[in-house]
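Computed from heavy atoms alone, side chains included, the values below leave out hydrogens, waters and symmetry copies. Every value quoted in this text rests on a predicted model; they were computed, and no experiment measured them.
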Amino acid sequence: ISFNCVDSALSSLKNCQSYINTGMDIATHVALDLVESFNDVEDVNSMENVMLQYAAMDRELKHYLKAIEETVNQIKREKPENIPDLKYLVKEKFTALESNNSDSDLQNNEKYIYFKDQLKEMRKQCNGNESIEQIDEDIAVTQSQTNFICPITQMEMKRPVRNKVCGHIYEEDAILKIIQTRKQQRKKVRCPKIGCSHVDVKGSDLVRDEALKRAIDSQKKQ
(Lines give C-alpha, C1' and ligand atoms only; values in the text may rest on other atoms or scores of the structure.)
Protein backbone atom coordinates (compact mmCIF):
# COMPACT_ATOMS: atom_id res chain seq x y z
CA ILE A 1 0.00 0.00 0.00
CA SER A 2 1.44 3.40 -1.00
CA PHE A 3 1.04 6.27 1.44
CA ASN A 4 2.57 9.00 -0.75
CA CYS A 5 -0.68 10.95 -0.93
CA VAL A 6 -1.18 10.65 2.81
CA ASP A 7 2.37 11.83 3.49
CA SER A 8 1.81 14.83 1.23
CA ALA A 9 -1.43 15.69 3.02
CA LEU A 10 0.28 15.34 6.39
CA SER A 11 3.01 17.74 5.32
CA SER A 12 0.40 20.31 4.32
CA LEU A 13 -1.45 19.93 7.60
CA LYS A 14 1.75 20.41 9.57
CA ASN A 15 2.24 23.73 7.80
CA CYS A 16 -1.03 24.84 9.39
CA GLN A 17 0.76 24.62 12.75
CA SER A 18 2.94 27.58 11.80
CA TYR A 19 -0.16 29.63 10.91
CA ILE A 20 -1.66 28.92 14.33
CA ASN A 21 1.60 29.85 16.05
CA THR A 22 1.80 33.09 14.08
CA GLY A 23 -1.79 33.93 15.03
CA MET A 24 -1.04 33.36 18.71
CA ASP A 25 2.09 35.53 18.50
CA ILE A 26 0.09 38.36 16.91
CA ALA A 27 -2.64 38.07 19.56
CA THR A 28 -0.01 38.29 22.29
CA HIS A 29 1.54 41.43 20.77
CA VAL A 30 -1.89 43.06 20.39
CA ALA A 31 -2.76 42.29 24.04
CA LEU A 32 0.55 43.81 25.20
CA ASP A 33 -0.18 46.89 23.09
CA LEU A 34 -3.56 47.19 24.77
CA VAL A 35 -2.08 46.96 28.27
CA GLU A 36 0.68 49.43 27.38
CA SER A 37 -1.90 51.88 26.02
CA PHE A 38 -4.11 51.49 29.15
CA ASN A 39 -7.01 50.25 27.10
CA ASP A 40 -10.14 48.74 28.55
CA VAL A 41 -9.78 45.40 30.35
CA GLU A 42 -12.56 44.04 28.16
CA ASP A 43 -10.35 44.45 25.08
CA VAL A 44 -7.52 42.50 26.72
CA ASN A 45 -9.96 39.77 27.77
CA SER A 46 -11.16 39.47 24.18
CA MET A 47 -7.57 38.75 23.12
CA GLU A 48 -7.36 36.07 25.79
CA ASN A 49 -10.47 34.45 24.29
CA VAL A 50 -8.76 34.57 20.89
CA MET A 51 -5.75 32.78 22.42
CA LEU A 52 -7.99 30.06 23.84
CA GLN A 53 -9.64 29.59 20.44
CA TYR A 54 -6.22 29.20 18.85
CA ALA A 55 -5.25 26.74 21.59
CA ALA A 56 -8.38 24.69 20.77
CA MET A 57 -7.44 24.72 17.06
CA ASP A 58 -3.91 23.64 17.96
CA ARG A 59 -5.22 20.74 20.06
CA GLU A 60 -7.62 19.60 17.31
CA LEU A 61 -4.89 19.74 14.67
CA LYS A 62 -2.47 17.75 16.82
CA HIS A 63 -5.13 15.10 17.51
CA TYR A 64 -5.94 14.79 13.82
CA LEU A 65 -2.26 14.45 12.89
CA LYS A 66 -1.78 11.86 15.60
CA ALA A 67 -4.84 9.90 14.44
CA ILE A 68 -3.52 9.79 10.87
CA GLU A 69 0.02 8.82 11.88
CA GLU A 70 -1.17 6.07 14.25
CA THR A 71 -3.52 4.67 11.60
CA VAL A 72 -0.80 4.62 8.94
CA ASN A 73 1.68 2.98 11.31
CA GLN A 74 -0.90 0.37 12.29
CA ILE A 75 -1.58 -0.52 8.63
CA LYS A 76 2.16 -0.72 7.91
CA ARG A 77 2.62 -3.13 10.81
CA GLU A 78 -0.36 -5.36 10.02
CA LYS A 79 0.09 -5.31 6.20
CA PRO A 80 -3.53 -6.30 5.37
CA GLU A 81 -4.29 -7.90 2.01
CA ASN A 82 -7.19 -5.54 1.30
CA ILE A 83 -6.95 -1.76 1.53
CA PRO A 84 -8.81 -0.73 4.73
CA ASP A 85 -11.16 2.22 5.06
CA LEU A 86 -8.51 4.77 6.01
CA LYS A 87 -10.99 7.61 6.49
CA TYR A 88 -13.08 5.57 8.94
CA LEU A 89 -10.07 4.40 10.96
CA VAL A 90 -8.69 7.94 11.24
CA LYS A 91 -12.07 9.31 12.31
CA GLU A 92 -12.37 6.57 14.95
CA LYS A 93 -8.97 7.37 16.46
CA PHE A 94 -9.57 11.13 16.22
CA THR A 95 -12.92 10.83 18.04
CA ALA A 96 -11.26 8.77 20.79
CA LEU A 97 -8.58 11.43 21.28
CA GLU A 98 -11.11 14.28 21.28
CA SER A 99 -13.28 12.51 23.86
CA ASN A 100 -10.56 13.12 26.46
CA ASN A 101 -10.54 16.90 25.92
CA SER A 102 -10.72 19.18 28.93
CA ASP A 103 -10.45 22.92 29.59
CA SER A 104 -7.12 22.35 31.31
CA ASP A 105 -5.66 21.29 27.92
CA LEU A 106 -6.15 24.83 26.65
CA GLN A 107 -4.86 26.44 29.85
CA ASN A 108 -1.69 24.35 29.57
CA ASN A 109 -0.97 25.34 25.98
CA GLU A 110 2.62 26.62 25.93
CA LYS A 111 1.85 29.79 23.98
CA TYR A 112 -1.19 30.52 26.16
CA ILE A 113 0.98 30.21 29.28
CA TYR A 114 3.50 32.59 27.67
CA PHE A 115 0.64 34.99 26.85
CA LYS A 116 -0.51 35.05 30.49
CA ASP A 117 3.04 35.47 31.82
CA GLN A 118 3.79 38.34 29.47
CA LEU A 119 0.52 40.09 30.35
CA LYS A 120 1.43 39.81 34.03
CA GLU A 121 4.92 41.25 33.41
CA MET A 122 3.53 44.03 31.22
CA ARG A 123 1.07 45.07 33.93
CA LYS A 124 3.92 45.11 36.45
CA GLN A 125 5.91 47.42 34.18
CA CYS A 126 2.94 49.74 33.66
CA ASN A 127 2.07 49.86 37.36
CA GLY A 128 5.71 50.54 38.12
CA ASN A 129 5.66 53.54 35.81
CA GLU A 130 2.53 54.86 37.55
CA SER A 131 4.20 54.68 40.95
CA ILE A 132 7.24 56.76 39.87
CA GLU A 133 5.42 59.96 40.80
CA GLN A 134 4.91 58.70 44.35
CA ILE A 135 8.61 58.19 45.14
CA ASP A 136 11.89 59.90 44.30
CA GLU A 137 12.20 59.79 40.49
CA ASP A 138 15.98 59.16 40.45
CA ILE A 139 15.60 56.17 42.78
CA ALA A 140 12.73 54.78 40.70
CA VAL A 141 14.72 55.04 37.47
CA THR A 142 17.78 53.41 39.09
CA GLN A 143 15.69 50.50 40.42
CA SER A 144 14.04 50.05 37.03
CA GLN A 145 17.32 50.11 35.13
CA THR A 146 18.80 47.46 37.44
CA ASN A 147 16.25 45.01 36.05
CA PHE A 148 17.46 45.84 32.54
CA ILE A 149 21.06 44.72 33.15
CA CYS A 150 22.14 41.30 31.88
CA PRO A 151 23.88 39.22 34.60
CA ILE A 152 26.32 37.96 31.95
CA THR A 153 27.34 41.09 30.03
CA GLN A 154 26.55 43.59 32.83
CA MET A 155 25.09 45.77 30.11
CA GLU A 156 21.55 46.86 29.32
CA MET A 157 19.74 44.11 27.44
CA LYS A 158 18.51 44.51 23.87
CA ARG A 159 16.89 41.10 23.39
CA PRO A 160 15.97 39.79 26.85
CA VAL A 161 15.01 36.14 27.28
CA ARG A 162 13.50 34.61 30.41
CA ASN A 163 14.41 31.18 31.76
CA LYS A 164 11.15 29.25 32.20
CA VAL A 165 12.71 27.11 34.95
CA CYS A 166 14.17 29.69 37.35
CA GLY A 167 12.64 32.89 35.98
CA HIS A 168 15.92 34.78 35.51
CA ILE A 169 16.54 36.98 32.47
CA TYR A 170 19.60 37.32 30.24
CA GLU A 171 20.68 38.88 26.94
CA GLU A 172 19.72 36.31 24.30
CA ASP A 173 23.02 36.23 22.40
CA ALA A 174 25.08 36.05 25.60
CA ILE A 175 23.28 33.07 27.16
CA LEU A 176 23.09 31.18 23.85
CA LYS A 177 26.85 31.63 23.37
CA ILE A 178 27.49 30.14 26.83
CA ILE A 179 25.13 27.21 26.12
CA GLN A 180 26.86 26.50 22.80
CA THR A 181 30.36 26.66 24.35
CA ARG A 182 29.39 24.37 27.23
CA LYS A 183 27.72 21.97 24.83
CA GLN A 184 30.98 21.61 22.91
CA GLN A 185 32.72 20.96 26.23
CA ARG A 186 29.93 18.50 27.16
CA LYS A 187 29.19 20.46 30.30
CA LYS A 188 25.97 21.79 31.79
CA VAL A 189 25.27 25.51 32.13
CA ARG A 190 24.65 27.01 35.57
CA CYS A 191 22.29 30.00 35.66
CA PRO A 192 24.54 33.10 35.52
CA LYS A 193 22.36 34.93 38.06
CA ILE A 194 24.23 35.05 41.38
CA GLY A 195 22.57 32.88 44.01
CA CYS A 196 20.50 30.82 41.57
CA SER A 197 20.64 27.06 42.15
CA HIS A 198 19.56 26.08 38.63
CA VAL A 199 22.48 24.16 37.11
CA ASP A 200 21.18 22.97 33.74
CA VAL A 201 20.10 25.89 31.55
CA LYS A 202 18.92 24.75 28.11
CA GLY A 203 18.10 26.73 24.99
CA SER A 204 14.62 25.20 24.99
CA ASP A 205 13.99 26.76 28.43
CA LEU A 206 14.39 30.30 27.09
CA VAL A 207 11.51 32.48 25.91
CA ARG A 208 11.56 36.06 24.63
CA ASP A 209 10.48 38.57 27.29
CA GLU A 210 8.53 40.99 25.14
CA ALA A 211 7.19 42.91 28.15
CA LEU A 212 10.67 43.66 29.48
CA LYS A 213 11.94 44.64 26.03
CA ARG A 214 9.12 47.15 25.74
CA ALA A 215 9.99 48.55 29.17
CA ILE A 216 13.64 48.95 28.15
CA ASP A 217 12.70 50.64 24.89
CA SER A 218 10.29 52.95 26.74
CA GLN A 219 13.02 53.91 29.23
CA LYS A 220 15.36 54.82 26.35
CA LYS A 221 12.74 57.10 24.85
CA GLN A 222 12.39 58.94 28.15
S.K.: Please collect all salt bridge (charged side-chain N to carboxylate O under 4.0 Å, His left out) contacts where either partner lies in residues 198-211, sequence neighbours excluded, each pair once.
M.R.: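 Matches after skipping sequence neighbours: Arg162-Asp209, Glu172-Arg208, Asp200-Lys202, Glu210-Arg214.
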S.K.: Going from CG on Asn21 to OH on Tyr19, what distance comes out if it is rounded to the nearest 0.5 angstrom?
M.R.: 12.0 Å
S.K.: May I ask you to list the residues sharing a hydrophobic cluster with Val207, side-chain cutoff 4.5 Å, ordered by chain and number?
M.R.: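 Direct or chained contacts put Val207 with Tyr114.
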S.K.: Measure from the side-chain N and O atoms of Glu171 to the backbone N and O of Lys158, and report whether any donor-acceptor pair falls under 3.5 Å.
M.R.: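 Answer holds: yes.
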S.K.: Hey, what do you get for CE (Met155) to CD1 (Ile149), rounding to the nearest 0.5 Å?
M.R.: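 One finds 8.5 Å between CE of Met155 and CD1 of Ile149.
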S.K.: Lys66 vs His63, test: side-chain contact (heavy atoms from CB on, under 4.5 Å). Steps then yes/no.
M.R.: CA-CA 5 Å; Lys66 186 177 181 180; His63 282 170; 5.5 Å; no
S.K.: Could you pull out all residues at least two apart from Asp7 that satisfy salt bridge (charged side-chain N to carboxylate O under 4.0 Å, His left out)?
M.R.: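 Listed in chain order: nothing, the list is empty.
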S.K.: Test of understanding: with ring pair (Phe, Tyr, Trp, His ring centres under 6.0 Å), list the residues that count as partners of Phe94, not counting sequence neighbours.
M.R.: Tyr64
S.K.: Quick one: closest heavy-atom pair of Pro192 and Pro151, and the distance?
M.R.: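 Closest approach of Pro192 to Pro151: O-CB, 4.1 Å.
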S.K.: Please give the remaining members of the hydrophobic cluster of Val189, linking ILVMFWY side chains under 4.5 Å, ordered by chain and number.
M.R.: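 Noted: Val189 shares its cluster with Ile152, Val161, Tyr170, Ile175, Leu176, Ile178, Ile179, Val201, Leu206.
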S.K.: Give the cluster check for Leu52 versus Leu32: same hydrophobic cluster or not, with ILVMFWY residues linked at side-chain heavy-atom distances below 4.5 Å.
M.R.: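 Leu52 clusters together with Leu32.
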S.K.: When rounded to the nearest 0.5 angstrom, what distance separates CG in Asn109 from NZ in Lys62?
M.R.: 6.5 Å
S.K.: With sequence neighbours excluded, give me every side-chain hydrogen bond (donor to acceptor under 3.5 Å, both in side chains) pair touching residues 174-197.
M.R.: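 Sorted pair list comes back empty.
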S.K.: Residues in salt bridge (charged side-chain N to carboxylate O under 4.0 Å, His left out) with Lys120, at least two apart?
M.R.: none
S.K.: Got a donor-acceptor contact below 3.5 angstrom from the Asp105 side chain to the Ser102 backbone?
M.R.: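 Yes, the answer is positive, given that a donor and an acceptor are paired below the 3.5 Å cut-off.
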S.K.: So which atom in Leu97 and which in Ala67 form the shortest heavy-atom distance, rounded to 0.1 Å?
M.R.: CD1-N, 4.2 Å
S.K.: Hey, does Leu212 have a side-chain heavy atom less than 4.5 Å from the side chain of Glu121?
M.R.: no
S.K.: What side-chain donor-acceptor pairs closer than 3.5 Å can you find for residues 24-31, not counting sequence neighbours?
M.R.:
residue	atom	partner	partner atom	Å
Asp25	OD1	Lys111	NZ	2.8
Thr28	OG1	Met24	O	2.9

S.K.: Once you round to the nearest 0.5 Å, how far does CD1 of Ile75 lie from CG of Leu86?
M.R.: 5.0 Å
S.K.: Can you tell me which residue pairs pass the salt bridge (charged side-chain N to carboxylate O under 4.0 Å, His left out) test with a partner in residues 86-100, sequence neighbours excluded?
M.R.: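 Residue pairs with at least one partner in residues 86-100: there are none.
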S.K.: How many angstroms lie between CG in Asn101 and CG in Leu106, if you round to the nearest 0.5 Å?
M.R.: 7.5 Å
S.K.: Would you name the heavy atoms of Glu48 and Tyr112 that are closest together and state the gap between them?
M.R.: OE2-OH, 2.5 Å
S.K.: Check the surroundings of atom CG in Asn15: do more than 12 heavy atoms from other residues, nucleotides or ligands lie under 6.0 Å from it?
M.R.: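 Count over threshold, so yes.
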S.K.: So, taking the atom named CE in Met157 and the one named CG in Asp173, what distance separates them when rounded to the nearest 0.5 Å?
M.R.: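 Met157 atom CE to Asp173 atom CG measures 13.0 Å (nearest 0.5 Å).
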S.K.: What about Ile20 and Val50, same hydrophobic cluster or not, with Ile/Leu/Val/Met/Phe/Trp/Tyr joined at side-chain heavy-atom distances under 4.5 Å?
M.R.: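 Same cluster: Ile20 reaches Val50 through Ile, Leu, Val, Met, Phe, Trp or Tyr contacts under 4.5 Å.
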S.K.: Go through the structure and list residues passing salt bridge (charged side-chain N to carboxylate O under 4.0 Å, His left out) with Lys164, not counting sequence neighbours.
M.R.: Glu110
S.K.: Between Ser46 and Asp43, is there a donor-acceptor pair closer than 3.5 Å when you use the side chain of the first and the backbone of the second?
M.R.: yes
S.K.: Starting from Val72, can I reach Leu65 by hopping between I/L/V/M/F/W/Y residues whose side chains sit under 4.5 Å apart?
M.R.: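 Per the 4.5 Å side-chain linkage, Leu65 and Val72 are co-clustered.
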S.K.: With sequence neighbours left out, what residues match Glu69 under side chain to side chain donor-acceptor pair (under 3.5 Å)?
M.R.: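 Here the qualifying residues are Lys14.
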S.K.: Taking only residues two or more places apart in sequence or in another chain, which ones pass salt bridge (charged side-chain N to carboxylate O under 4.0 Å, His left out) with Lys213?
M.R.: Asp217
